[in-house]
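Take a look at the structure set out below.
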Protein chains: 2
Amino acid sequence: MAERLRSAGRREQSLSRERIIEASIELLDSCGEDGLTYRALAERLATGPGALYWHIASKSDLLTSACDTMVAQTLNALAVTTPESTIRAVALGIFDLIDEHPWVGSALTRTPGLLSIVRILERIGQQICALGVPDEQQWAAVGALMAYILGVSSQNAANRQLARTQGLDRGSFLEAVSTAWSQLDTKQYPFARSMAGQIRDHDDRADFLAGIDLILKGIRSPRQP
Amino acid sequence: MAERLRSAGRREQSLSRERIIEASIELLDSCGEDGLTYRALAERLATGPGALYWHIASKSDLLTSACDTMVAQTLNALAVTTPESTIRAVALGIFDLIDEHPWVGSALTRTPGLLSIVRILERIGQQICALGVPDEQQWAAVGALMAYILGVSSQNAANRQLARTQGLDRGSFLEAVSTAWSQLDTKQYPFARSMAGQIRDHDDRADFLAGIDLILKGIRSPRQP
DNA sequence: CAGAGTATTGGAATGATGTTCCAGTAAGTT
DNA sequence: AACTTACTGGAACATCATTCCAATACTCTG
């Protein structure tokens with residue numbers, strides 16, 4: 001195949017899958033999810049769109065690969081400790097990753113069965129095994145954790161993006177949500193109204209971890225008589 | 001405003017926000033998320049794209065409204081029983097809704113702060129209150145449930161869509177995932193490999209409910225000394 | 001019931017996107 | 001030096017959301 005040629009490769013200036021993905025990540029970080037276009041990418045790499053298609057099959061391939069690069073990098077950076085705190089570390093690592101790079105969130109949730117998903121699943125699954133969870137409950141435990149982690153992180157990312165399109169920072173955004181909720185109809189939305197105050201100055205990260213602990217508690221609980 | 005005119009209305013044949021949203025839902029159900037275009041919608045309603053813009057501001061407005069219609073409809077159809085089984089009913093209702101109409105999943109996760117989200121949150125929040133969860137733990141409990149429900153449902157929806165683009169039914173898709181996982185590297189992915197068999201014939205709905213029960217158990221557990 | 005005014009329509013035009021196509025070029029091979 | 005292959009870059013295509021505007025159908029006023 002092209003492998004030998006590519007690594008021996010033309011000039012160092014030449015295009016490659018890695019260089020394109022790297023540039024994509026920069027573009028996604030600086031201009032957001034909509035900022036990634038083949039035209040902008042081609043301009044940044046001083047070439048044409050056609051050249052990019054030689055290395056990368058489609059835009060979804062591009063997004064998927066960029067996402068996987070980030071996830072792999074994040075997971076590799078984690079220290080290994082006890083099972084429960086490793087699970088917390090993986091969870092927080094993904095949360096922070098998506099918080100800092102919101103596009104990773106939508107890429108992760110849009111295309112499943114992905115290598116990235118398996119990476120995370122594997123890391124968490126090993127800890128679940130280490131906790132001694134019986135075989136038939138492992139899938140439920142891992143599934144719940146995965147769904148929670150990806151769910152919260154992506155929702156958080158979507159919030160950030162929504163705030164950004166409205167030109168608000170985190171504080172103003174929460175303020176806006178809080179006032180919107182406090183103006184809801186009292187009879188139809190009593191709970192949302194009562195939460196309006198707590199929303200204003202809650203800590204996403206802390207709440208996220210609280211949820212993880214809730215699930216971990218649920219996983220532990222049946223085996224404590 | 002136009003309200004009086006619209007209800008007195010031109011002919012019954014005339015366009016209206018409701019008719020457009022209704023047609024959008026039909027289009028989304030029959031042709032998938034990408035099938036909803038202003039052109040296809042205009043053709044179906046025997047008009048031009050410009051006419052639609054008189055009633056609906058943008059495509060995201062259209063998707064949001066269609067989504068909200070479905071969620072409201074689903075929540076209204078639920079019977080009210082005990083707190084815990086109501087939570088299960090809400091969860092299953094949303095799961096099935098997204099399972100049958102995958103586009104609702106991506107619409108829900110893409111645009112947060114939405115009316116739909118508040119509807120679900122309210123419904124669950126009231127049950128959490130009824131369970132006697134102390135004030136300061138309510139947000140964590142509801143947040144965990146919301147994230148889990150939306151997370152799993154959307155992941156499920158994404159799986160369905162992926163399967164559909166590859167022309168596979170549910171069985172063949174799980175089969176494909178199963179064999180893909182079983183071919184992973186033994187040293188790097190022992191857990192995923194061990195799950196490959198269980199994946200093949202698991203029940204999404206049952207696993208989903210198992211996760212809900214896991215979280216409910218976690219919510220209950222600290223208050224049982 | 002005529003005419004003015006406004007709500008609504010439908011289709012053409014605009015600008016941006018992902019993707020394809022292909023003529024060209026540079027490296028490696030014989 | 002020829003020839004093959006890997007790669008490049010830019011033009012071209014189809015499609016999309018959105019905007020614009022002239023034409024229309026309705027309502028209201030006199």
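Within every chain, numbering begins at 1; the chains are lettered A, B, ... in the order of the sequence lines, protein sequences first and strands thereafter. As the structure is a prediction and not an experimental result, all values here were calculated from the model.
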Heavy-atom side-chain contact between Pro190(B) and Glu122(A) under 4.5 Å: yes

Contact check, side chains of Ile117(B) and Met146(B), non-hydrogen atoms, under 4.5 Å: yes

Distance in angstrom units between Leu41(A) CG and dG9(D) P, rounded: 13 Å

Check: Ser178(B) side chain, Leu174(B) main-chain N or O, donor-acceptor pair, under 3.5 Å: no

Phosphate OP1/OP2 of dT8(D): any Thr47(A) side-chain N/O under 4.0 Å: no

Touch class at under 4.0 angstrom, heavy-atom based, for Ala46(B) against every strand present: sugar-phosphate

Residue Ala51(B), side-chain atoms from C-beta onward, closest of dT8(C), dA6(D), dG10(C): dG10(C)

Whole angstrom value for the distance that separates C1' of dT8(C) from CZ of Arg19(B): 14 Å

Between dC21(C) (P) and Leu52(A) (CG): distance, integer Å: 17 Å

Protein-nucleotide distance (Glu43(B), atom CD; dA12(C), atom C1'), rounded to Å: 17 Å

Presence of salt bridge, Arg110(A) and Glu33(A), under 4.0 angstrom: yes

side-chain N/O His55(A) vs dT8(D) OP1/OP2, d < 4.0 Å: yes

Asp204(A)/Arg170(A) salt bridge by N-O under 4.0 Å criterion: yes

Trp54(A) side-chain N/O to dT8(D) phosphate OP1/OP2 under 4.0 Å: no

Check the interface with nucleotides 17-19 of chain C: list each N/O to N/O pair with the protein under 3.5 Å, or write none.
residue	atom	partner	partner atom	Å
dG18(C)	OP1	Lys59(A)	NZ	2.5
dG18(C)	OP2	Tyr38(A)	N	3.2
dG18(C)	N7	Arg39(A)	NH1	2.9
dG18(C)	O6	Arg39(A)	NH2	2.9
dT19(C)	OP2	Tyr53(A)	OH	2.8
dT19(C)	OP2	Lys59(A)	N	2.9
dT19(C)	O5'	Tyr53(A)	OH	3.0

Whether His202(A) and Trp139(B) hold their rings parallel, tilted or perpendicular, with breakpoints at 30° and 60°: perpendicular

